[in-house]
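Single-structure report; data block below.
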Amino acid sequence: MKFEAVVRTELGKGASRRLRHTGNFPAIVYGGSEAPVSITLNHNDIVNQMDKPAFYEGIVLVIDGAEVKVKPQDVQRHAFKPKVEHMDFIRI
């Protein structure tokens, strides 16, 4: 599985809320020898693939043209809506 990701420039609660209103959500990629990277992902693209076991075994994120192999580490969901609020990915 391969997903397009955009590097986030605006950080914080207000910026995250604005992202969620546009159909995206914030995430972070960390681990390995590189520094953590804050990214933005399309909500519908991710949610439609989350029910497949292959999603949790490893996916590829395309961040500014570079492919990064990652695994979902943590998923924060909305309390009662079927929405993802934030995701953490770890490099593999």
Side-chain angles (χ1 to χ4, degrees):
M1 288 183 209
K2 190 181 284 192
F3 299 101
E4 292 287 328
V6 179
V7 175
R8 291 178 59 201
T9 54
E10 294 182 6
L11 302 175
K13 188 191 313 185
S16 295
R17 285 181 180 173
R18 287 190 293 275
L19 271 179
R20 291 183 192 106
H21 285 298
T22 62
N24 298 316
F25 68 92
I28 190 162
V29 177
Y30 58 87
S33 60
E34 299 176 30
V37 179
S38 295
I39 59 172
T40 300
L41 293 167
N42 185 295
H43 186 269
N44 291 336
D45 292 345
I46 299 294
V47 170
N48 290 337
Q49 300 299 321
M50 286 179 69
D51 59 343
K52 298 179 181 174
F55 181 82
Y56 298 96
E57 294 169 4
I59 60 173
V60 175
L61 294 178
V62 180
I63 305 171
D64 288 341
E67 293 188 356
V68 180
K69 195 164 172 85
V70 297
K71 205 164 116 174
Q73 184 72 17
D74 186 33
V75 179
Q76 296 173 5
R77 298 175 184 269
H78 192 275
F80 57 89
K81 294 180 185 177
K83 292 192 172 199
V84 174
E85 295 282 316
H86 186 273
M87 286 187 83
D88 292 356
F89 294 99
I90 191 162
R91 292 182 184 101
I92 52 174

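Residues take their numbers from the sequence shown, with the count starting at 1. What you are looking at is a predicted structure, and each value in this text was computed from that prediction instead of being measured. Values below: every heavy atom of this structure, side chains too, minus hydrogens, waters and symmetry copies.
Taking the side chain as every heavy atom from C-beta outward, F3 and N42 never approach each other to under 4.5 Å. Using a 4.5 Å heavy-atom cutoff, the side chains of M50 and V75 are in contact. Here the side chains of K83 and R20 are not in contact, with every heavy-atom distance at 4.5 Å or above. With contacts defined as side-chain heavy-atom distances shorter than 4.5 Å, the pair L41/F25 qualifies.
Shown here for G58 and I92, the closest heavy-atom pair between the two residues is CA-CD1, 4.3 Å. Residues P82 and H43 approach most closely at O-CE1, 4.1 Å, considering heavy atoms.
Rounding to the nearest 0.5 Å gives a distance of 10.0 Å between CD of E67 and NZ of K69. Taking CD1 from I59 and NZ from K52, the interatomic distance works out to 12.5 Å, rounded to the nearest 0.5 Å. Distance check, rounded to the nearest 0.5 Å: CG of N24 to OG1 of T40 gives 6.5 Å. The distance from the CZ atom of R91 to the NZ atom of K71 is 15.5 Å, given to the nearest 0.5 Å. In this structure, I39 CD1 and D64 CG are separated by 10.5 Å, a value rounded to the nearest 0.5 Å. Between atom CD1 of residue I28 and atom NE2 of residue H86 there is a gap of 6.0 Å, rounded to the nearest 0.5 Å.
Note on L61 and F55: same hydrophobic cluster, where clusters join Ile, Leu, Val, Met, Phe, Trp and Tyr whose side-chain heavy atoms are under 4.5 Å apart, directly or indirectly. Criterion: ILVMFWY side-chain heavy atoms under 4.5 Å apart, direct or through other members. Under it, V68 and Y30 are not part of a common hydrophobic cluster. Residues I63 and M1 share a hydrophobic cluster, clusters being chains of Ile/Leu/Val/Met/Phe/Trp/Tyr side chains in contact below 4.5 Å. By the rule that hydrophobic residues join a cluster once side-chain heavy atoms approach within less than 4.5 Å of another member, M87 and V37 end up as members of one cluster. Hydrophobic clustering, with ILVMFWY side chains joined whenever heavy atoms are under 4.5 angstrom apart, groups V84 together with V70.
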